[in-house]
Structure formats: C-alpha cells, structure tokens
Amino acid sequence: MRSRRDATRARPTRIAESGRAAELASLDPASRGLWEATPAEAPHRAAITQNMIGVSPRMHRVFRMIEKVAPTESTVLITGESGTGKEMVATAIHLQSRRAHRPYVTVNAAAVPESLFESELFGHVRGAFTGAVSDKVGLLKRADGGTLFLDEVAEMPLAVQAKLLRALQNGEVRRVGDSEASRVDVRVIAATNRDLKRSLEEGKLREDLFYRLSVFQIELPPLRERREDIPLLANYFRERFARRLGRRVGRFSERAQYYLMRYDYPGNVRELENAIERAVTLAEGGEISHLDLPSTFREKQVPMLGEGDAFPYSETMTLSQLEAEHIRRVLVHVAGNTTKAAKALGISRSTLWRKMREYRI
C-alpha cells in the first residue's frame with residue numbers, strides 16, 4: 001500500500017495546476033543547465049578552490065584574490081556574513097602559501113572568555129595568576145612559522161587588541177607573567193561578520209589594528225547575491241552526503257530546485273549544506289522532493305517579478321539592488337560575455353563596466 005507521500009509524488013501534473021506551473025516556469029533558464037551538472041562535470045564553468053565552489057563572477061573574483069595573496073606574507077582580513085565560508089578562504093590561503101607545511105592554528109575570539117584571552121593568545125608562566133599551575137604556550141607561539149587564523153576578530157577585548165598590534169609590528173610575544181619576550185614569525189589572517197565601520201565608530205575595534213590587519217581585504221558575498229552558485233553547491237552537498245550516508249540520491253525534483261533557488265538563505269552556505277543533509281536523509285526513490293526540504297524553504301514568499309523572470313525579490317530591495325541582481329543574472333546567462341550582456345541589457349559596454357564597478361560585480 002502506497003504512503004500518502006508516495007501518492008503525492010506520483011500524482012500527474014496537469015495544466016490546471018496553474019499555480020505550480022507558474023512557480024516552475026519562474027526558474028531561471030540559465031540555472032537549469034547548472035542543475036544538470038556537478039562541478040566535476042562542468043570544470044569549464046565552475047571554479048573549485050579548497051572545496052569552495054562557484055560559477056558566479058563574484059566568487060571567481062574571490063578565487064583570483066586568494067591566488068594572488070596566498071604566496072605573499074600580507075595579513076588578510078576576510079569579511080562576510082555568518083556561513084559564507086570565511087574559514088574556508090583562510091584555509092585556502094594557508095594551503096596555497098609558502099607556509100602550507102607549517103602550523104595552522106585557528107581561534108574563534110567570540111568563544112574565548114575575556115579573562116582568559118590574553119593567556120590563550122600569548123601564553124603564561126607558572127604562577128602568573130591564580131590557577132596558572134604550569135607554563136602555557138600561547139596560540140601565537142604555536143603558530144610560529146605558520147599561520148594564525150583569528151575568527152571574529154572584532155570580539156577581542158581592547159586590551160588584547162593593543163598587545164596583538166604590538167606583536168604584529170615587532171614580531172615578539174610576551175607571556176603573561178614573563179619578563180622576557182620571544183620572537184615569532186606568524187602570518188595572521190583575520191575574519192569577522194561584523195560591520196567594521198560601526199565597530200570602529202563604537203570603539204569596539206582599534207583603528208590602528210584594523211589598518212594593520214586589512215592590508216589585503218576579501219569580502220565574501222552572501223549566497224542570496226550569487227544564486228547562480230546554488231545548483232552546483234546543492235549537487236556537491238547531495239553527492240557528499242549520499243556517499244557518507246550510503247544512499248542512492250541522484251537528483252532534485254523540479255519543485256525542489258524552485259524552492260532552493262528562491263530561498264534567501266539567512267544562514268548562507270552553511271544553511272544550504274544543512275538543508276541538503278536533511279533532504280538526502282529523507283529522500284525516497286532516488287530523488288530529493290520539495291517535501292524533503294525544511295519547512296522554511298516552502299513557506300510562501302513575496303511574488304516573483306513575473307512568470308519566467310530570473311530571480312525572486314523582496315519588498316525591501318532598492319532599485320539599485322534589483323538592477324545589480326539582474327545584471328548578475330544576465331552575465332551568468334551569457335557566460336560572462338560583456339558584449340552580449342550589454343546588448344541584452346540595452347546599454348553600452350562602457351555603461352555596463354561602470355555599473356559592474358559600482359555594484360562590485
């Protein structure tokens with residue numbers, strides 16, 4: 001006896017189901033081909049850097065920046081919302097650097113109690129404070145010769161920020177309670193999901209430390225601003241979790257594709273990854289249905305621009321945001337050919353280039 005869910009899946013699609021037909025018709029034609037190919041099958045379209053996958057112009061720019069800064073000794077500041085892949089970028093920079101075979105130490109500043117931060121970062125000597133029953137090597141010393149990744153750097157206490165700045169400038173660290181400093185050779189990569197301009201204005205981040213860390217800055221776009229990457233990412237996670245869970249799940253239904261493409265992903269790539277893991281676990285018959293996705297993906301959204309249009313929008317988007325999103329879609333549709341994109345948009349190439357610079361596309 002078939003389950004109610006099986007019956008729902010098997011029900012024939014009729015022209016009379018105009019609501020659903022309109023939804024599926026709104027899938028971007030440029031994205032349909034991407035759903036049919038995994039990154040491994042489409043190397044000419046997708047760039048893959050340390051498991052970061054992207055076909056969008058903005059991610060290709062990120063990959064180029066990684067390639068350029070990795071061989072240098074510059075400090076790097078990575079910014080972006082939670083879940084956009086800041087730690088993966090830091091790891092990619094380290095693995096492509098001359099320090100790749102040396103220590104790679106990570107610390108999340110938001111997870112370290114303020115009272116212990118100085119000891120964690122710089123170490124301490126026995127008896128330096130109550131509870132210091134033995135010498136402790138700090139994270140900067142552990143990373144000597146390699147790379148230290150400071151995640152959520154804007155959460156560091158101001159006193160520790162000042163000491164870190166001196167360590168970066170002088171190449172020396174002094175343990176808590178020690179009278180002697182020791183030399184360290186560390187490359188620092190920092191990351192934050194904070195609005196750094198506001199953090200500076202509020203006095204939560206030292207301006208001199210900000211300029212010392214942001215010698216080279218990489219900004220990661222949120223997933224909702226690079227929707228053309230969703231099919232490749234979804235397929236990548238589907239294959240990975242299918243192997244891990246020992247399940248034969250080979251595709252997404254059209255309606256699942258629609259919900260995945262229209263969702264805004266406040267949790268970015270991490271949220272997509274979690275959703276696909278759940279979907280692979282629940283999938284039946286080798287296909288991920290829209291019913292396998294979290295309920296938040298299936299909640300009613302604001303209307304599409306119109307049947308057949310390329311992307312969903314919200315009432316809070318400005319006209320400039322709408323224009324930027326449309327330009328990105330057209331560029332994906334023409335595989336980055338600016339001549340064809342300008343023609344499709346009805347503007348000159350020079351105007352297109354100006355808008356691409358303005359919107360940082």
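Below, each value reflects all heavy atoms present in this structure, side chains not excepted, and no hydrogens, waters or symmetry copies.
- For Phe117 and Phe122, the gap between ring centers reaches or exceeds 6.0 Å.
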- Task: Let me see the working for Glu73 and Arg99 under salt bridge (charged side-chain N to carboxylate O under 4.0 Å, His left out), right down to the final yes or no.
- Result: CA-CA 9 Å; Glu73 292 297 307; Arg99 299 172 180 262; 2.6 Å; yes

- Task: Determine, stepwise, if the pair Val105 / Leu140 fulfils side-chain contact (heavy atoms from CB on, under 4.5 Å).
- Result: CA-CA 8 Å; Val105 178; Leu140 278 164; over 6 Å; no

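- Remark: aromatic rings of Phe297 and Tyr259 are distant, center separation not under 6.0 Å.
- Across all their heavy atoms, Arg247 and Val280 have their closest contact at NH1-O, 2.7 Å.
- Checking side-chain atoms of Arg255 against main-chain N and O of Ser289 turns up no donor-acceptor pair under 3.5 Å.
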- Steps toward side-chain contact (heavy atoms from CB on, under 4.5 Å) verdict (Asn235, Glu239): CA-CA 6 Å; Asn235 275 318; Glu239 289 186 350; 5.5 Å; no

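- Each of Leu148, Leu116, Val176 was evaluated against Leu121; a single residue qualifies, Leu148, per the side-chain contact (heavy atoms from CB on, under 4.5 Å) test.
- Using modelled atom types, one side-chain atom of Asp144 and one backbone atom of Asp185 make a donor-acceptor pair closer than 3.5 Å.
- In this structure, Gln321 contributes its side chain and Thr318 its backbone to a donor-acceptor pair below 3.5 Å.
- Ionic pairing of Glu202 and Arg194 is not present here: no N-O contact between side-chain nitrogen and carboxylate oxygen is shorter than 4.0 angstrom.
- Side-chain contact between Val76 and Arg187: present, with at least one pair of heavy atoms (C-beta onward) separated by less than 4.5 Å.
- With hydrogens and angles disregarded, no donor-acceptor distance shorter than 3.5 Å links the side chain of Lys141 to the backbone of Val173.
- Between Met156 and Val153 the shortest side-chain heavy-atom distance falls below 4.5 Å.
- With hydrogens and angles disregarded, no donor-acceptor distance shorter than 3.5 Å links the side chain of Arg248 to the backbone of Gly286.
- Between the side chain of Ser253 and the backbone N or O of Ala256 there is at least one donor-acceptor pair closer than 3.5 Å.
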- Stepwise, does the side-chain contact (heavy atoms from CB on, under 4.5 Å) test hold for Asp151 with Thr106? CA-CA 7 Å; Asp151 199 5; Thr106 69; over 6 Å; no

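- A salt bridge links Glu325 with Arg328: the distance from a Lys NZ or Arg NE/NH1/NH2 to an Asp or Glu carboxylate oxygen falls below 4.0 Å.
- Not one N or O on the side chain of Asn268 forms a donor-acceptor pair closer than 3.5 Å with the backbone of Arg270.
- Side chains of Val330 and His326 form a contact here, defined as non-hydrogen atoms less than 4.5 Å apart.
- With hydrophobic clusters built from ILVMFWY side chains whose heavy atoms lie under 4.5 angstrom apart, Phe210 does not share a cluster with Ile78.
- Looking only at distances, a side-chain donor or acceptor of Gln257 sits under 3.5 Å from a matching main-chain atom of Phe252.
- Here the side chains of Leu150 and Val107 are in contact, with some heavy-atom distance below 4.5 Å.
- Between Ile276 and Leu233 the shortest side-chain heavy-atom distance does not fall below 4.5 Å.
- Residues Thr72 and Phe216 have side chains not in contact (no heavy-atom distance under 4.5 Å, counting atoms from C-beta outward).
- Both Val160 and Leu200 belong to a common hydrophobic cluster when Ile, Leu, Val, Met, Phe, Trp and Tyr are linked at side-chain heavy-atom distances under 4.5 angstrom.
- Residue Glu358 places its CD atom among more than 12 non-hydrogen atoms of other residues, nucleotides or ligands, all under 6.0 Å distant.
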- Given the rule in the side-chain contact (heavy atoms from CB on, under 4.5 Å) test, do Ile230 and Leu223 qualify, once you have shown the distances and angles that lead to the verdict? CA-CA 8 Å; Ile230 293 172; Leu223 187 56; 4.0 Å; yes

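- A distance-only check finds a donor-acceptor pair linking the side chain of Asn108 to the backbone of Ala110 [under 3.5 Å].
- Around the NZ atom of Lys136, the shell of radius 6.0 Å holds more than 12 heavy atoms that belong to other residues, nucleotides or ligands.
- Residues Asn193 and Ser82 bring a donor and an acceptor atom of their side chains to less than 3.5 Å of each other.
- Pairs passing the ring pair (Phe, Tyr, Trp, His ring centres under 6.0 Å) check and including a residue from residues 159-186, sequence neighbours excluded, do not occur.
- Panel note: side chain Arg227, backbone Tyr263; a donor-acceptor pair is recorded below 3.5 Å.
- The cluster map of Ile, Leu, Val, Met, Phe, Trp and Tyr, joined by side-chain heavy atoms under 4.5 Å apart, puts Phe149 and Leu165 in different clusters.
- Residue-environment remark: NZ (Lys204) stays at or below the threshold of 12 foreign heavy atoms within 6.0 Å.
- Annotation: side chain of Pro113 is not in contact with side chain of Glu120 (no heavy-atom distance under 4.5 Å).
- No single ILVMFWY cluster, assembled from side-chain heavy atoms under 4.5 Å apart, contains both Leu77 and Val215.
- Ion pairing of Arg175 with Glu180 is absent here, as no side-chain N (NZ or NE/NH1/NH2) approaches a carboxylate O to less than 4.0 Å.
- Arg226 has its side chain within reach of Val269: a pair of non-hydrogen atoms, C-beta onward, lies under 4.5 Å apart.
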